[in-house]
Amino acid sequence: MKITVLGCGALGQLWLNALHRQGHEVQGWLRVPQPWCSVNLQEVDGSVFNELLTANDPEFLQNSDLLLVTLKAWQVSTAVKNLAGLLPAHCPVLLIHNGMGTLDELGTIQQPLLIGMTTHAARRDGNVIVHVANGITHIGPANAAGRDYSHLADTLQAALPDVAWHNDMGASSWKKLAVNCVINPLTAVYDCPNGELVNYPLEVAAICNEVAAVMQREGHHASQDDLLFYVWQVVESTAENISSMLQDVRALRHTEIDYINGYLLKRARAHGISVPENARLYELIKRKENEYERVST
Ligand code: KPL
């Protein structure tokens, strides 16, 4: 397949490497156009992959069989809208990012649209992307045309396992949102790896309770206990991880808070539900972000 990967950060480089090694023709697409993108990756087993791959070739884009979008949530809609006009109408667009709300921003596009979420962990260490832990990527349709692309799960599974197809991503997206509503802001506030959240059980429980209430109003089956069980499992399995939000805060980068707790606040407001713990954490992260973004402008 011919695959364009939009966004060449940690997750983008992980997929570029995996798809290239599987024999697919790949290119990266960067915001600041350049003919090459450098993939510099240390795999989970310690092996190192270092290569220059094609980037920002419009002809390649026009012939792509898949646009894989690995940008941060806040970059997605503008970037995809900019490229959609150049993509063939039949080329599926797969968005993999934390949080929710990008589909509302994107509106309708003619291409088949899919969403995904992943538990692969990767972080930047200087110029090197370190693939810290293997995980699972769940994908599924986000518009009617996207329903015909279940075979993509097999292609992606062969490159970077595990990949699972879901005909309905609704409930899984919300469960992942719950995980991110808990782990991301709390680790950023307490400046700690995920595993240390065992020291903050009351905050974890309060967030899960609020997310469960909103989920129920959105039509999904959810209880505080189910979410708590799931969130603690992820805390344990990613205990050594530095969450993506803490990585962003440490690097003074814009975070995905608007698409995580911010999205929850929007949906809570729409249903007239109060979510004070999520609101408190949202404000704390926005304050941090504003402090360093004010200094850098
Ligand atoms: O998705 C993650 C993130 O860091 O953004 C979790 C699951 C919290 C793992 O760190």
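First listed ligand is number 1; within each ligand, the first listed atom is number 1.
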Please tabulate, for the side chains in residues 225-236, all donor-acceptor contacts under 3.5 angstrom to protein atoms that are two or more places apart in sequence or on a different chain.
| unit_1 | atom_1 | unit_2 | atom_2 | d |
| --- | --- | --- | --- | --- |
| Asp226 | OD1 | Ser223 | OG | 3.4 |
| Asp226 | OD2 | Ser223 | OG | 3.3 |

#### Entry: Residue pairs involving residues 21-30 (criterion side chain to side chain donor-acceptor pair (under 3.5 Å); sequence neighbours excluded)
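Output for this query lists Lys2-Glu25, Thr4-Gln27.
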### Query
Taking the inter-plane angle between the rings of His131 and His120 on a 0 to 90° scale, is it parallel (under 30°), tilted (30 to 60°) or perpendicular (over 60°)?
tilted
### Query
Are Lys286 and Glu289 within salt-bridge range, i.e. N to O under 4.0 Å?
yes
### Task
Starting from the C-alpha separation in whole Å, work towards a yes-or-no answer on salt bridge (charged side-chain N to carboxylate O under 4.0 Å, His left out) for Asp248 and Arg250.
CA-CA 6 Å; Asp248 286 340; Arg250 284 183 177 169; over 6 Å; no
### Query
For Trp74, what residues pass the ring-ring contact (aromatic ring centres under 6.0 Å, His included) criterion, not counting sequence neighbours?
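With sequence neighbours excluded, Trp74 shows a ring-ring contact (aromatic ring centres under 6.0 Å, His included) to His254, given in chain and number order.
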Distances only, to 0.1 Å: what are the N or O pairs between ligand 1 and the protein that fall under 3.5 Å?
| unit_1 | atom_1 | unit_2 | atom_2 | d |
| --- | --- | --- | --- | --- |
| ligand 1 | 1 (O) | Lys176 | NZ | 3.2 |
| ligand 1 | 1 (O) | Asn180 | ND2 | 3.1 |
| ligand 1 | 4 (O) | Ser244 | N | 2.8 |
| ligand 1 | 5 (O) | Asn98 | ND2 | 2.7 |
| ligand 1 | 5 (O) | Asn184 | ND2 | 3.2 |
| ligand 1 | 5 (O) | Ser244 | OG | 2.5 |
| ligand 1 | 10 (O) | Asn194 | ND2 | 3.0 |
| ligand 1 | 10 (O) | Asn241 | ND2 | 3.4 |

